[in-house]
Protein chains: 2
Amino acid sequence: MDQVEIFKALSNKTRLQILNWLKEPAVNFPEQLNPDFENTGVCVGQIQMKAGLSQSTISEYLSILQRANLVTATRVGQWTYYKRSEEGIKMLNKIISTEL
Amino acid sequence: MDQVEIFKALSNKTRLQILNWLKEPAVNFPEQLNPDFENTGVCVGQIQMKAGLSQSTISEYLSILQRANLVTATRVGQWTYYKRSEEGIKMLNKIISTEL
DNA sequence: TTGGTATATCGGGAAAAGTCGATATATATT
DNA sequence: AATATATATCGACTTTTCCCGATATACCAA
């Protein structure tokens, strides 16, 4: 993954917020229906409602974050659950402290 | 300073390269004339030549990096010397490990 | 299989970023 | 004061990003 792409993914207020919200799903998405969402993540619709942007935009943003390895996606039935990729974020930390 | 602006500053290959080159000025800018450049930094012209983009573009890029607190500038005579702001970069590390 | 819901993808218009050449400004030299 | 050099700023054009609505796809339930 290209460093530039990672930083581009982070160059947007909404995408940074999403990453932050996913730190504490239970706090930020109290209306979550999926009982296992702490493990699986939060579905697109919930994130979209909280962000207040269109469905297509949020879907797009989530895939940008995914391509940058900042989140992972799990499809369960008709829902796609997204959660932070702590591994990818750790990698980013390493990049910044060594390569930057 | 807005986080988004910092990440935008880093979302460009040339700007990332500049930041890297400035880690080792003596290695990357051997034709440097200023005898004190290890302290003061490297002047715009040298960076421009190495990057191979126009003078105006590099001047612009350096001020983008400066606004993001990733480099500092010192004017000496007709030259402006730029160097990494290790402090700003440390701050970025903190942002990423705590706020992201 | 028909319809309903969740997400992804496509096409597009507006705004921002990339990049240039030309010009302006600041400084130094004569 | 006149000229030369280094850098900054301006105006313009192209490419990319932002964000939308419309449509397609995937899955589920009756």
Side-chain angles (χ1 to χ4, degrees), chain A residues 2-19 22 29 31-37 40-68 70-83, chain B residues 2-19 22 29 31-37 40-68 70-83:
Chain A
D2 184 11
Q3 287 181 222
V4 172
E5 290 306 313
I6 298 175
F7 291 126
K8 278 186 183 172
L10 296 169
S11 296
N12 176 283
K13 185 148 170 262
T14 303
R15 290 194 295 265
L16 287 179
Q17 284 179 320
I18 292 173
L19 238 28
L22 292 180
F29 303 94
E31 299 173 18
Q32 188 62 43
L33 300 174
N34 173 18
D36 192 32
F37 74 103
T40 339
V42 180
C43 71
V44 180
Q46 296 284 322
I47 298 172
Q48 188 235 316
M49 271 177 33
K50 178 132 184 153
L53 293 176
S54 76
Q55 190 272 320
S56 54
T57 298
I58 296 304
S59 177
E60 169 85 24
Y61 281 9
L62 287 167
S63 74
I64 290 172
L65 289 171
Q66 190 185 13
R67 278 197 297 277
L70 297 168
V71 301
T72 58
T74 317
R75 181 116 203 183
V76 178
Q78 34 194 166
W79 292 274
T80 307
Y81 296 97
Y82 284 91
K83 61 182 298 197
Chain B
D2 184 11
Q3 287 181 224
V4 172
E5 291 306 311
I6 299 176
F7 290 126
K8 278 186 182 171
L10 296 169
S11 296
N12 177 284
K13 186 151 169 259
T14 303
R15 289 195 295 265
L16 287 179
Q17 283 179 321
I18 292 173
L19 238 27
L22 292 179
F29 302 94
E31 299 173 20
Q32 187 61 43
L33 300 175
N34 172 19
D36 192 33
F37 73 104
T40 339
V42 180
C43 71
V44 180
Q46 296 285 321
I47 297 172
Q48 188 235 316
M49 273 177 32
K50 179 132 184 152
L53 294 176
S54 76
Q55 190 271 321
S56 54
T57 298
I58 297 304
S59 177
E60 169 85 22
Y61 280 10
L62 288 167
S63 73
I64 289 171
L65 290 171
Q66 191 186 11
R67 278 198 297 278
L70 297 168
V71 301
T72 58
T74 318
R75 179 115 204 186
V76 178
Q78 37 195 162
W79 293 273
T80 307
Y81 296 97
Y82 283 91
K83 60 183 298 198

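Here is the naming used below: chain letters follow the sequence lines, and residue numbers restart at 1 for every chain.
The base of C:dG21 sits within donor-acceptor range of the side chain of B:Ser56, with an N or O pair under 3.5 Å.
In this structure, B:Leu62 atom CG and D:dT9 atom P are separated by 12 Å, rounded to whole Å. Here D:dT17 presents its P atom at 10 Å from CD of A:Glu60, a figure rounded to the nearest Å. Going from atom CD1 of A:Ile47 over to atom C1' of C:dA6 covers 13 Å, rounded to whole Å. One interatomic measurement links the two molecules: CD1 of B:Ile58 to C1' of D:dA6, which rounds to 15 Å at whole-angstrom precision. Rounded to whole Å, the distance from CD on B:Gln66 to P on D:dA8 is 8 Å. Taking atom CD of residue A:Gln46 and atom P of nucleotide C:dT5, one finds them 16 Å apart after rounding to whole Å. Between the P atom of D:dC27 and the OH atom of A:Tyr81 lies a distance of 14 Å, rounded to the nearest Å. One interatomic measurement links the two molecules: CD of B:Gln48 to C1' of D:dT5, which rounds to 13 Å at whole-angstrom precision.
The side chain of A:Tyr82 places an N or O atom within less than 4.0 Å of a non-bridging phosphate oxygen (OP1 or OP2) of C:dA8. A sub-4.0 Å separation between OP1 or OP2 of C:dA17 and a side-chain N or O of B:Asn12 is absent. The shortest distance between the side-chain N/O atoms of A:Ser11 and the OP1/OP2 oxygens of D:dT17 is not below 4.0 Å. Of the side-chain N and O atoms in B:Ser59, none sit less than 4.0 angstrom from OP1 or OP2 of D:dT7.
For B:Arg75, taking side-chain heavy atoms from C-beta onward, the closest of the listed nucleotides C:dT27, C:dT7, D:dC10 is C:dT27. Among the nucleotides C:dG18, D:dC18, C:dT7, the one closest to the side chain of A:Tyr61 is D:dC18. Between C:dA8, C:dT7, D:dC28, one nucleotide has an atom nearer to the side chain of A:Gln78 than all others, and that is D:dC28. Taking every side-chain heavy atom of A:Gln55 into account, C:dT7 is the closest of C:dT7, D:dC20, D:dA8. For B:Thr80, the side-chain atoms get nearest to D:dA8 when compared with the rest of D:dA8, D:dG21, D:dA6.
In this structure, B:Ser11 and A:Lys8 approach most closely via the heavy-atom pair OG-N, 3.2 Å. Contact between B:Tyr82 and B:Ala73 at its shortest, heavy atoms only, is CE2-CB, 3.5 Å. Among all heavy-atom pairs drawn from B:Gln78 and B:Arg75, the shortest one is O-NH2, 3.5 Å. When all heavy atoms of A:Gln48 and A:Leu53 are compared, the pair lying nearest together is NE2-O, 3.0 Å.
Proximity of a side-chain donor or acceptor of A:Arg15 to a complementary backbone N or O of A:Gln17 within less than 3.5 Å is not detected.
Of the two residues contacting DNA chain C, namely A:Ser63 and A:Trp79, the nearest-nucleotide position lying further toward the 5' end is that of A:Trp79. Remark on DNA chain D: of its neighbouring residues A:Gly77 and B:Lys8, the 5'-side contact belongs to B:Lys8, judged by nearest-heavy-atom nucleotide.
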